[in-house]
Amino acid sequence: MIQIGDNIIEYVDELKMCFSLEKVLPLVNDIVAMDTMFIFANGGMYRAALRKVLGSNLEYSLVDDGEGAVSICIDGECSLPVVHNKGLVASVRKLDERATLSLILCEMVQKAFVPSDRVGKDMPEVLKADEIIRFGMFDSGSNGNLGLYGLSVSSGEGRAYVIVEAPQPLQYELKDNNRMALLMSDGKVVNKIPQCSIGPAHICFLRYLPDSAVEVCSVSLKSKEERHIRISDKVTQVCADNENGFIALIDGRIVSYSSEVQPEHIEDLVCRIPEGERIVMIQLLNRQVFALTDHRKVYSNFDISVDASNVVWMERESENIRYLYGGDKVSAQNVDEQTSGAITVIYDNGSYRFL
């Protein structure tokens with residue numbers, strides 16, 4: 001069984017009654033594993049399609065046979081009829097993995113599906129030289145799930161620009177294999193995920209190498225000595241500790257490179273996050289780790305003294321963590337500027353400078 005809000009779901013008819021794609025899509029693994037969910041006419045066909053698409057990272061074609069029948073082609077052995085979203089073929093011919101899973105689920109429960117080409121992609125979109133992409137600001141009244149959207153520019157391809165159309169617009173420049181991740185909800189930007197973190201003794205930031213590898217640069221604030229640690233190319237964020245280490249968010253998992261935050265602390269945190277939720281952002285305060293999930297919940301390896309539900313953003317302010325809630329007025333801020341005490345650091349495309 002799966003749970004959506006207060007509803008316990010075991011059969012497709014129950015899923016239809018409380019279906020919300022935002023809430024159901026993160027549970028697709030659990031749905032595929034449930035025999036009872038596919039006890040309906042042609043249920044095995046939907047299950048097979050979900051299984052083949054899940055984790056494939058491929059694009060799939062929509063086909064119109066010219067006589068009114070539309071289908072989505074999974075492979076040579078699997079083709080799924082599209083009955084409730086036939087009009088989709090007029091505006092889009094190919095769907096990525098996430099969109100294909102969404103379409104299959106919507107067909108299962110006989111709901112309309114509206115594809116979004118810029119929400120929740122697991123792989124970064126590679127921009128062309130001089131390309132400009134604009135995103136609207138998050139609507140504080142929205143209650144959608146959170147997702148990461150990655151962008152990059154290949155080395156030697158020139159520069160591209162990302163503009164967040166806030167009341168005071170933010171513009172980010174991408175160049176030389178640099179990458180960035182946006183935290184989004186309902187196709188709108190909540191903020192850019194920080195690629196730099198400043199602690200009491202050092203700063204840590206992400207540097208992207210020509211071979212697509214990523215390293216964390218750690219710079220002592222006192223001696224200016226640098227350390228370079230090669231890390232997974234799936235890293236989206238690092239947080240400096242109080243000494244000379246850091247924790248990193250890698251493919252939705254927290255990994256510790258800190259002598260202060262031991263692996264067992266991380267394991268305790270992961271165990272407390274419900275199945276089906278994915279970490280999209282982290283913060284570190286002393287030895288306490290905070291994890292924001294795509295379900296807008298915050299979890300920690302120590303008790304949290306405030307109501308940490310419905311959070312869309314969290315940031316470190318001196319010795320506190322500040323939460324921004326969906327109902328608050330959320331405005332994009334320049335997360336490339338980090339301050340600790342009297343020291344301010346500006347992160348710029350894989351490098352840094354002191355103000």
Side-chain angles (χ1 to χ4, degrees), residues 1-63 69-89 92 94-116 119-122 143-148 185-186 251-253 270-280 293-297 299:
M1 67 180 183
I2 60 172
Q3 183 166 352
I4 302 176
D6 296 328
N7 300 292
I8 304 299
I9 311 297
E10 294 186 77
Y11 299 94
V12 71
D13 287 340
E14 297 168 331
L15 186 66
K16 290 178 182 179
M17 294 175 64
C18 62
F19 182 81
S20 164
L21 184 58
E22 294 170 342
K23 295 178 180 178
V24 171
L25 191 56
L27 303 175
V28 66
N29 264 307
D30 301 319
I31 289 174
V32 170
M34 292 171 59
D35 294 334
T36 56
M37 188 64 73
F38 300 93
I39 303 176
F40 63 94
N42 297 320
M45 177 176 62
Y46 288 94
R47 190 180 200 178
L50 288 170
R51 275 179 168 162
K52 291 188 176 190
V53 174
L54 191 60
S56 66
N57 196 31
L58 299 174
E59 282 191 333
Y60 297 91
S61 300
L62 280 169
V63 177
V70 176
S71 60
I72 177 115
C73 296
I74 308 302
D75 58 25
E77 300 176 351
C78 184
S79 182
L80 191 74
V82 177
V83 178
H84 304 281
N85 291 274
K86 281 186 178 182
L88 199 62
V89 75
V92 60
K94 287 186 177 294
L95 297 171
D96 64 11
E97 176 194 334
R98 180 184 174 90
T100 303
L101 290 171
S102 300
L103 176 59
I104 296 170
L105 289 170
C106 287
E107 286 292 310
M108 268 181 64
V109 297
Q110 303 174 17
K111 303 285 186 181
F113 165 57
V114 179
S116 172
V119 181
K121 287 189 177 180
D122 292 326
N143 59 3
N145 283 4
L146 298 173
L148 291 179
S185 178
D186 291 337
D251 197 23
R253 297 180 302 109
V270 171
C271 290
R272 295 174 64 179
I273 296 177
E275 187 175 356
E277 294 191 33
R278 183 178 177 84
I279 301 171
V280 292
T293 72
D294 55 356
H295 283 45
R296 298 167 68 154
K297 306 290 186 183
Y299 301 89

Using side chain to side chain contact (heavy atoms under 4.5 Å, CB included), reason through L25 and L101 one step at a time and then give a plain yes or no. CA-CA 8 Å; L25 191 56; L101 290 171; 4.0 Å; yes

Please name the pair of heavy atoms, one in [X] and one in [Y], separated by the smallest distance, quoted to 0.1 Å.
X	Y	result
E14	I8	OE1-O, 4.0 Å
I74	Y60	O-CE2, 3.4 Å
C106	F113	SG-CB, 3.6 Å
Y299	P274	OH-CD, 3.2 Å

If the condition is side chain to side chain donor-acceptor pair (under 3.5 Å), which residues does D30 pass it with, not counting sequence neighbours?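 Expected list: none.
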
Which residues share a side chain to side chain donor-acceptor pair (under 3.5 Å) with S61, sequence neighbours left out: K94

Quick one: are [X] and [Y] in side-chain contact, heavy atoms under 4.5 Å?
X	Y	answer
I9	L27	no
S79	I72	no
E59	E97	no
C78	M45	no

With a 3.5 Å distance limit and no angle check, can you tell me whether [X] reaches the backbone of [Y] through a side-chain donor-acceptor pair?
X	Y	value
N85	K111	yes
S71	C73	no
S185	L146	no

Say you draw a straight line from CG of N7 to OG of S20; how long is it, rounded to the nearest 0.5 Å?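 Going from the CG atom of N7 to the OG atom of S20 covers 11.5 Å.
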
List for me each residue that meets side chain to side chain contact (heavy atoms under 4.5 Å, CB included) alongside [X], sequence neighbours excluded, and say none if there are none.
X	result
V270	I266
Q110	K16, H84
D294	P26, E277, R278, V280

Quick check on side-chain contact (heavy atoms from CB on, under 4.5 Å): which of L50, L54, I2 does N29 satisfy it with? L54

Which one of L103, I104, L105 satisfies the side-chain contact (heavy atoms from CB on, under 4.5 Å) criterion with E107?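 Only one option passes, and that is L103.
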
If you look only at distance, which donor and acceptor atoms sit under 3.5 Å apart when one is on a side chain in residues 31-43 and the other is two or more places apart or in another chain?
unit_1	atom_1	unit_2	atom_2	d
D35	OD1	R47	NH1	3.0
D35	OD1	R47	NH2	2.8
T36	OG1	E10	O	2.7

For atom CZ of R272, is the number of surrounding heavy atoms from other residues, nucleotides or ligands below 6.0 Å larger than 12?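 Buried by this count: over 12 neighbours within 6.0 Å.
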
